[in-house]
Amino acid sequence: MGYPFKEIEQKWQINWEKEKIFSAQPSQGKKKYYLLEMFPYPSGKIHMGHVRNYTIGDVAARFKMIMGFNVLHPMGFDAFGQPAENAAIKNKTKPDIWTHKCIGWMRPELKKMGFSYDWQRELSTSDSSYYKWNQWVFLKMLERGLAYKKASSVNWCPSCETTLANEEVVEGGCWRCHSKVEEKQLEQWFLKISVYKERLLEDLGKLTEWPERVLAMQSNWIGRSQGLEIYFRFKGSDRVIPVFTTRPDTIFGATYIVLAPEHPLVKEIIKGKPQEKEALKFIAKASKESNVVRASTDVKKEGIFTGSFVINPVNNEEIPIWIADYVLMEYGTGAIMAVPTHDQRDFLFAKAHKLPMRVVIENPKSQIPNPKEMKEAYEGQGIQVNSAQFDGLPNEEAKIKISQWMEKEGTAKIQTHWRLRDWLISRQRYWGTPIPVIYCKRCGLVPVPYEELPVQLPKDAPFTGEGGSPLCKVKEFLNARCPKCSSPAQRETDTMATFFDSSWYFLRFCSPGYDKGPFDKEEAGYWMPVDQYIGGIEHAILHLLYSRFFTKFFQDLGLIDFSEPFIRLLTQGMVLKDGQVMSKSRGNIVDPDSIIKKYGADTLRLFILFAAPPETELEWDERGIEGASKFLNRVWRIQENLKDSADHFLIRALHKTIKKVSEDFQGFKFNTAIASLMELTNAIYQSGASQQVLETLAIMLSPIAPHFCEELWQILGNKESIFKAGWPKYDLAFLKEEKITIVVQVNGKLRAKIEVAADISEKELKEMVLADEKIKTWLENKPPKNFILIPQKLVNIVV
RNA sequence: GGGCAAGUGGUGGAAUGGCAUACACGAAGGACUUAAAAUCCUUUGGCCGCAAGGUCGUGAGGGUUCAACUCCCUCCUUGCCCACCA
């Protein structure tokens, strides 16, 4: 018979809620600790990924609580979004009813896991008390010119009938439904995140406790590149075409330039040329293709000669101007200089159209090849050749020298380019925050006045799944009066992308009921920034970047005095089964609820932490669950057989464990912390435990198996919650060993182990080692060449 | 194609320059039991050997070092992120 987990877990969940032990209040006496896990999308049931994410967070929160920190550990729901709308279409229900139903299922499941949330702070982004402040933030951005409308070619998902951010297009398909993305021109709302690009990049340096790879991904996404804008003058005219390049070292190898078909100068250039008719045909064809198609690698690069030439400013060479679909107007200047020998795309294009090539950087591993014999472009490092006064320089050095020289000559300008695009937030969808603007025939675009917020999302709307946003069809919503002139006007029907909602929810948690602003300045001043944030690696770019952007915006509004929202970040690995990610479509889901029923939440928590370190992938194994259950039962039985005092051997083991577990918890190494708790338990089974030893073990295990340990704690006669017991301290005096084992190697190979007094002198140790019979045979009377001694650990004799 | 991870027993994993395989699962054997479950104890990387012991061994190959799973170089495999970004 195992311990009665069902009764125990229920008992303590009720007790914790009654005693409000997780309710957080600012307190000047204690140090604050804000621990946050990425809040879930209410899809219906919690899955193992949630269980893992929230268990990791809960252990950290409870550990800090026992350490005496004032812990804020809130939970809420990222409740707006497309699945609710798709469910409404499919199940003939309403998105808000569906969403609330899902939240109603998930909340008790989270409670059953025993997570230490302050449920009084629960929030849901689809509540008007939340999205009102989305609208407030939007209006502030609009005031400051950070929100703007732009007609632009956007990615259009024909299935979802919505626009997608560039970031949401996955391999030419919609990231949710994978339909092929088309191009469509629409008036869209954008946020000028690009205004913050320097700060977003620079402040990555402050994030010393973020994983390296997340920093690298953010940095790549912002994509700062130093380059040169080179001015190519037309043959026989003073007009110039600016071209941006990150490889100014290859300028002497530029043998033609290429314009995007949309380039404003194209029509002028081809006018009256024999190629005009054919070129126009090509341009028309290219304009029909979406960027996604043009950007795909499997489509052949097409292009056409314009009949015109420019002058290469470094050597006054005449080079032809081409038009090609692989050059996009949106990037750089819409024109490139082509260096076929040192850029693979240019190389393929040049080969296909029989354009000239010249090598200007020597591959150190091979002879300078005849360009005709090259099979691919050489894009690596090397020494400049065919580059006039720059010959012989390493190309990285030449990059700088050529840039400086050309800038001085007035033929180019050193420039910085960024990859980061402005953030498209418009969605032609119902289930999101209405964008608070009104269109008046007389006054134009008018912001909804602050005192009229929130612009309520109407409860009823027709969901057919066709023909754009349901909001367009709700007359009571659509028709409004102009706030300026009171004449009939129309509301904006676009809603905000849900990333907007999640870009500042961590601030709202500080004062979830606040109604004078998005958050109470003082409360946020006390709790923020988040000390530890935990979530999936899939949010490494978008969510984290947008949250950082919003934080900087709030700082600029004077609402907060810090610039980064999350001090420490942990990205947990995925949960796999049979080597594959657990997912509904694969049908390899294990329902957490069934595991709780069979083994209890404490066992599930223990297993999920023990099976792998938090950052790596976790392979689900039902037998591992059995093992976790066995361990808890083993600890449970210790209380049946307590001694009055523990022997020295066990006390030493206890203090060693306290040291190890304390360090491991700090570093989120829960798997090894559990391993040492198991070792302590094994030691207890060897020698028998005293009450004090078992109590200490219970405290150390309590963040992982909280219900279990509370019960054990109470059985041992304690009246107050174990989470107020304080974290145990270890005594170095107990860790000192009298005798230690020294490893003896001969020529780096393990040959013997000798036991010596811990305070042995080097001389004595050396004598003892050389006198050892085994070592003598290995030395074969040869004199040691070298004698390496690592104190307290190891000796290596070299002969 | 680029960037970043990772690769260790039958399995999950431990060790981040100093005893490779902690801890657990699984397996084998034993104790208890009429029996089973549960529990407790023992063994458990490969090869040679009755044993003592030896020897090989952390994806492959090279290097640095008294000493390499750990650091460096080249390559292979897998995963994630990104990609006509000039």
Would the distance check show the side chain of A/Asp346 and the main-chain N or O of A/Thr341 forming a donor-acceptor pair, the cut-off being under 3.5 Å?
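Side chain of A/Asp346 to backbone of A/Thr341: no pair is present.
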Kindly say whether A/Pro703 contributes a backbone atom to a donor-acceptor pair with the side chain of A/Arg605 at under 3.5 angstrom?
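Flag set: sc A/Arg605 to bb A/Pro703 pair under 3.5 Å.
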Heavy atoms under 4.0 Å, any strand shown: does [X] hit a base, just sugar-phosphate, or nothing?
X        : value
A/Asn220 : sugar-phosphate
A/Ala216 : nothing
A/Asn747 : nothing
A/Arg751 : sugar-phosphate
A/Gly223 : nothing
A/Lys785 : nothing
A/Val798 : sugar-phosphate
A/Asp343 : nothing
A/Glu212 : nothing

Between atom [atom1] in [X] and atom [atom2] in [N], what is the gap in whole Å?
X        : N     : atom1 : atom2 : value
A/Met678 : B/G12 : CE    : C1'   : 12 Å
A/Ile788 : B/G18 : CD1   : C1'   : 10 Å
A/Lys793 : B/G17 : NZ    : P     : 10 Å
A/Asn671 : B/C23 : CG    : P     : 14 Å
A/Leu606 : B/C25 : CG    : P     : 11 Å
A/Glu679 : B/A14 : CD    : C1'   : 10 Å

In terms of the angle between their ring planes, are [X] and [Y] parallel, tilted or perpendicular, with boundaries placed at 30° and 60°?
X        : Y        : answer
A/His539 : A/Phe499 : perpendicular
A/Phe708 : A/Tyr3   : perpendicular
A/Phe668 : A/Phe670 : perpendicular

Between [options], which one does the side chain of [X] approach most closely?
X        : options             : value
A/Thr245 : B/A86, B/G12, B/G26 : B/A86
A/Asn682 : B/C23, B/G12, B/C19 : B/C23
A/Trp221 : B/A24, B/C82, B/A86 : B/C82

Considering only the [atom1] atoms, how many Å lie between [N] and [M], rounded to the nearest integer?
N     : M     : atom1 : answer
B/A15 : B/G62 : C1'   : 25 Å
B/U64 : B/G13 : C1'   : 30 Å
B/U70 : B/A60 : P     : 11 Å
B/U16 : B/G26 : C1'   : 29 Å
B/G30 : B/U78 : P     : 45 Å
B/G7  : B/A14 : P     : 9 Å
B/G59 : B/C66 : C1'   : 28 Å
B/G57 : B/U8  : C1'   : 10 Å

Would you indicate, yes or no, if B/C40 has its OP1 or OP2 atom less than 4.0 angstrom from a side-chain nitrogen or oxygen of A/Arg637?
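For B/C40, OP1 or OP2 has a side-chain N or O of A/Arg637 closer than 4.0 Å.
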With a 4.0 Å cutoff (strictly under), does any side-chain N or O of A/Arg634 reach OP1 or OP2 of B/C40?
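So the side-chain polar atoms of A/Arg634 do come within 4.0 Å of the phosphate oxygens OP1 or OP2 of B/C40, strictly under.
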Would you tell me whether A/Asn682 and A/Arg634 have side-chain atoms, one donor and one acceptor, within less than 3.5 Å of each other?
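On atom types as modelled, these side chains qualify, holding a pair under 3.5 Å.
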Mind running salt bridge (charged side-chain N to carboxylate O under 4.0 Å, His left out) on A/Glu626 and A/Lys630 for me, showing each step along the way?
CA-CA 6 Å; A/Glu626 296 270 2; A/Lys630 251 192 227 176; over 6 Å; no
If I take atom CG from residue A/Leu650 and atom CG from residue A/Leu654, how far apart are they, to the nearest 0.5 angstrom?
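Rounded to the nearest 0.5 Å, the CG-CG separation comes out at 6.5 Å.
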Is atom CD of A/Glu762 surrounded by more than 12 heavy atoms (other residues, nucleotides or ligands) closer than 6.0 Å?
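Count not over threshold, so no.
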Go through RNA chain B and write down every stem, that is, every run of at least three consecutive Watson-Crick or G-U wobble pairs with distances under 3.5 Å, as range with range.
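Paired runs of 3+ in RNA chain B: B:1-7 with B:76-82, B:10-12 with B:23-25, B:26-31 with B:39-44, B:45-48 with B:53-56, B:59-63 with B:71-75.
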Select from A/Leu618 and A/Gly624 the residue whose nearest nucleotide in RNA chain B is closer to the 5' end of that strand.
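With A/Leu618 and A/Gly624 compared, the 5'-side residue is A/Leu618.
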Using heavy-atom distances to pick each residue's nearest nucleotide on RNA chain B, tell me which of A/Lys630 and A/Leu750 is more 5'.
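Nearest nucleotide further toward 5': that of A/Leu750.
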Ignoring hydrogens and angles, answer whether the base of B/C66 and the side-chain atoms of A/Asn796 contain a donor-acceptor pair closer than 3.5 Å.
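Indeed there is one.
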